[in-house]
Amino acid sequence: MTDLVPALQDAIRAAVRVLLDDPAAESAGLDPDTLEVGVQRVPDDKPGDYGSPIAFALAKRLRRNPAELARAIAERLVAPAGVARIEAVGPYLNVFVDPGAFVRGVLRLRGALAATGRKVVIEHTSVNPNKEAHVGHLRNIVLGDALARIERAAGSEVEVQNYIDDTGRQAAESLFAIGYFDAHYDGTSKYDHWLGELYVRLGQAKEADAEAIEAGVAHVMHQLERGELRAAVERIVRAQLETCFALGAEYDLLVWESDVVAAGFLQRGLEVLEQLPTVSRPTAGKYAGALVMDVSAFLPGLEEPQVVLVRSDGNAMYVAKDIGYHLWKVGRLEGLRYAPFAEQPSGAMLWTSTPDGEPSVAGRTFAHGDQAVNVIDARQAHPQTIVRTALQMTGGGRDEDSLHHLAYEVVTLEGQAMSGRKGLTLAIDTVIEEAVRRARAVVLEKQPNLASADAVARAVGIGALRFAMLKSEARRVIDFRWEQALSLAGDSAPYVQYAHARACSILRAVAEAGIALRGADTEGADWSALGPLEVRLAAEVARLPGVTAQAAEADAPHVVAQYALDLATAWNGYYNHRDVHGRPDTSVLRAEPGLREARAAVVAGVRDALARALGLLGITAPEQM
RNA sequence: GCACCCGUAGCUCAGUGGACAGAGCAGCCGCCUUCUAAGCGGUAGGUCCCAGGUUCGAAUCCUGGCGGGUGCGCCA
């Protein structure tokens with residue numbers, strides 16, 4: 001069977017059509033095909049499993065009593081597979097599933113959705129290459145990585161890009177600081193941390209020696225623009241990537257700003273823009289000598305509709321570079337060269353743009369996205385809107401939806417804003433270390449004999465961290481607090497991981513008992529022995545495909561995180577369920593043959609769904625903990 | 001000043017216009033001779049910021065306030 005909910009929607013729509021075709025009915029020009037049929041789970045204390053308030057909507061249009069309409073629709077309904085009966089409960093249409101058929105249907109659902117044929121280019125991380133990544137970046141990396149996994153599961157081809165701003169002032173300052181302080185890396189701390197300290201020191205030194213430092217940094221910036229310090233920047237990038245890999249994030253391509261400029265994307269982008277009637281070069285007034293773009297047609301109500309693309313001194317603004325880069329992302333410019341950069345922990349190759357690389361790579365096509373999604377903090381909303389507007393204006397209307405900005409709010413530190421310049425930060429590496437340390441202590445306490453204690457501690461510690469960054473909406477400010485971010489109980493990754501491990505434990509015992517699981521076709525299973533408890537659990541499992549699609553559509557990983565909690569809660573509730581006498585009544589192994597096999601298959605379905613949901617969030621699911 | 005985001009239990013947050021608004025944490029009371037107690041059950045805790053409006057129906061949509069955050073540079 002396919003997903004039950006769409007099947008129900010179709011069935012209800014069909015019944016409505018029959019109802020309206022009745023000559024006695026006044027259809028009031030109602031077209032059942034365009035009717036939005038809501039189908040949702042029924043509250044626990046109401047009869048049935050799924051329900052629809054469709055009669056309300058019709059009652060208004062047909063000017064008939066909703067309860068009466070619900071009855072009329074119910075009479076004309078042909079129940080889809082897995083449904084025992086559908087009846088009117090007051091004005092609601094309530095669906096009673098057949099437990100056995102429903103559960104088997106759920107067990108046949110597949111996790112991956114049908115291919116969309118679309119390519120999504122996701123940019124995330126993009127940390128300035130001048131210091132170690134901090135917990136603000138953590139949110140970016142984890143959000144972007146989770147979104148990439150979700151989009152893939154939702155059927156899109158995904159390319160993850162990490163933009164390296166190697167011509168910026170921040171990189172220049174850090175690199176200049178090495179020579180300025182005559183510092184020598186001795187390997188006692190991670191390279192990016194060492195450099196970050198020099199960067200902060202340089203900031204302080206400016207108070208006494210501003211002029212010399214300014215001149216020196218300007219010199220380094222020119223070297224960077226000419227690509228002379230590529231190796232030095234690469235060293236920083238590699239150190240930062242270690243942190244990303246430890247979090248479980250991987251990439252397809254590094255895109256270096258110097259390469260974007262060298263490929264002429266800035267110039268060619270400007271040439272495209274100059275064709276627009278909204279782009280001009282005023283000879284008088286406030287913007288004399290500059291190249292400006294009027295965005296008021298796309299962004300009404302702006303106080304200042306002119307955006308400067310090229311300054312009157314001839315230097316391009318950052319947003320102009322960004323527009324060129326994005327024209328390439330969606331396949332409207334070509335010209336980068338590529339080379340392998342590193343083999344990542346999963347074994348997948350990370351590629352990089354580079355001046356002396358190959359113009360094409362066998363078996364892959366970079367960029368050419370049908371859509372670009374940028375994971376960038378919410379303060380960049382204005383420039384992101386300008387880039388999107390530029391794509392729209394130059395795209396002749398066909399790229400309206402080509403750029404999404406996944407805007408996430410800042411992470412504060414115990415209520416305080418972080419500042420890299422002031423050194424007021426908390427490094428991701430530090431947090432990972434602490435998270436794993438705490439997790440290990442708990443693992444050793446709960447499971448002293450666990451052989452995989454180290455691996456579990458990493459999975460749990462890092463999982464907790466990732467989950468803390470993902471469980472709320474991106475537009476909510478996160479105040480980073482240790483107890484909350486590293487919590488191993490309650491609404492957390494370990495809660496879900498534990499539920500998964502618990503299911504695995506049962507399934508190990510099931511295997512030892514000689515029961516071979518084959519999902520809906522499990523031998524010896526008596527599906528008719530299943531009841532409402534299994535239905536409730538399976539209904540939760542059945543939500544996964546819809547949740548995946550919704551999270552992808554809305555660029556909202558938190559939808560998956562919330563679902564993972566719901567599923568784990570449903571499973572824990574089932575596992576601990578007791579009958580009216582207070583005795584456990586959901587045991588798998590102690591159930592009579594037939595029911596035992598059917599329940600085991602359900603548990604396997606739950607285990608798989610939990611693992612998949614965690615996988616969408618980039619969180620590993622240990623089999624024991 | 002203008003624009004965007006947020007306002008739901010003591011705290012942190014879920015809640016694609018539908019059935020009495022839900023979790024976690026903190027509090028209180030229980031549950032391991034039961035397949036993993038990192039768990040489960042119970043209890044207590046709400047003017048869903050306020051006021052209007054749309055709707056059969058609003059935490060959800062619209063308007064106007066109030067409170068908080070952010071952004072508005074020929075910076076990146």
Side-chain angles (χ1 to χ4, degrees), chain A residues 36 38 40 42-43 45-46 51-57 59-60 66 89-92 94 128 165 167-170 286-292 299 301-304 306-315 317-319 321-322 377-383 385 407 409-410 439 442-443 445-447 460 471-473 475-479 481 483-484 487-492 494-499 501-510 513 546 550 553-554 556 558-559 561-562 565-566 568-569 572-573 575-578 582-584 586-591 599-600 603 624-625:
Chain A
E36 265 208 41
Q40 62 234 101
V42 143
D45 57 340
K46 294 285 187 295
S52 175
I54 186 66
F56 285 113
K60 175 174 47 180
V89 177
Y92 285 91
N94 283 19
N128 264 316
D165 181 5
T167 63
R169 179 168 189 95
Q170 309 220 22
K286 187 175 166 187
Y287 295 113
L291 185 71
V292 298
L299 298 170
L302 278 185
E303 198 173 335
E304 177 49 79
Q306 300 289 347
V307 174
V308 176
L309 298 172
V310 180
R311 292 186 268 171
S312 49
D313 66 6
N315 286 314
M317 298 286 285
Y318 185 82
V319 72
K321 281 184 205 168
D322 222 16
D377 83 80
R379 291 175 298 197
Q380 306 285 335
H382 187 57
T385 306
E409 269 298 340
V410 292
V442 175
V443 170
E445 175 203 327
K446 309 265 183 190
Q447 300 279 356
V460 169
K471 71 175 171 182
S472 306
E473 290 181 281
R475 55 170 171 265
R476 215 165 270 282
V477 175
I478 292 182
D479 188 29
R481 277 176 295 197
E483 317 77 57
Q484 231 168 290
S487 166
L488 305 183
D491 284 353
S492 68
Y495 176 83
V496 183
Q497 291 170 315
Y498 184 75
R502 170 180 267 168
C504 288
S505 169
I506 291 171
L507 293 169
R508 276 192 298 274
V510 164
Q550 189 199 341
E553 173 63 30
H558 85 278
V559 170
Q562 293 294 331
L565 290 173
D566 288 344
T569 298
N572 281 330
Y575 173 85
N576 282 297
H577 196 271
R578 276 146 202 271
R583 282 190 289 268
T586 51
S587 173
V588 174
L589 291 170
R590 289 164 189 238
R599 280 183 174 168
V603 172
Q624 293 181 61
M625 60 184 278

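Every chain is numbered from 1, with letters handed out A, B, ... down the list of sequences. Values in this document were obtained by computation on a predicted structure and should not be read as measured data.
In this structure, N572(A) reaches the C40(B) phosphate: one of its side-chain N or O atoms is under 4.0 Å from OP1 or OP2. Considering only side-chain N and O atoms, R311(A) lies under 4.0 angstrom from the phosphate OP1 or OP2 of A76(B). Contact check, R379(A) against U70(B): no side-chain N or O comes under 4.0 Å of OP1 or OP2.
Listed nucleotides A38(B), U34(B), C40(B) differ in distance to V460(A); the shortest reach to its side chain belongs to A38(B). Looking at the side chain of R508(A), the nearest of the listed nucleotides U34(B), C75(B), U36(B) is U36(B). Distances from the side chain of M317(A) to the nucleotides A76(B), C6(B), U36(B) place A76(B) closest. Listed nucleotides A38(B), C74(B), U36(B) differ in distance to A501(A); the shortest reach to its side chain belongs to U36(B).
Among the protein residues, Q380(A) comes within range of the nucleic acid bases, having at least one heavy atom under 4.0 Å from a base atom. Within the nucleic acid shown, V292(A) has no heavy atom closer than 4.0 Å to any nucleic acid atom.
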Distances for protein N or O near nucleotides 12-16 of chain B N or O, under 3.5 Å:
unit_1, atom_1, unit_2, atom_2, d
U12(B), O2', Q484(A), NE2, 3.1
C13(B), OP1, V477(A), O, 3.2
C13(B), O3', S472(A), OG, 3.4
C13(B), O3', R476(A), NE, 3.4
A14(B), OP1, E473(A), N, 2.7
A14(B), OP1, R476(A), NE, 3.2
A14(B), OP2, R476(A), NE, 2.8
A14(B), OP2, R476(A), NH2, 2.8
A14(B), O2', Q562(A), OE1, 3.2
G15(B), OP1, H558(A), NE2, 2.9

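When the C1' atom is compared between U55(B) and C13(B), the two are found 29 Å apart, to the nearest whole Å.
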Where protein sits on nucleotides 17-23 of chain B, one letter per nucleotide: B base, S sugar-phosphate only, - none, heavy atoms under 4.0 Å: -BBB--B
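For R583(A) and U34(B), the CZ to C1' distance is 12 Å, given to the nearest whole Å.
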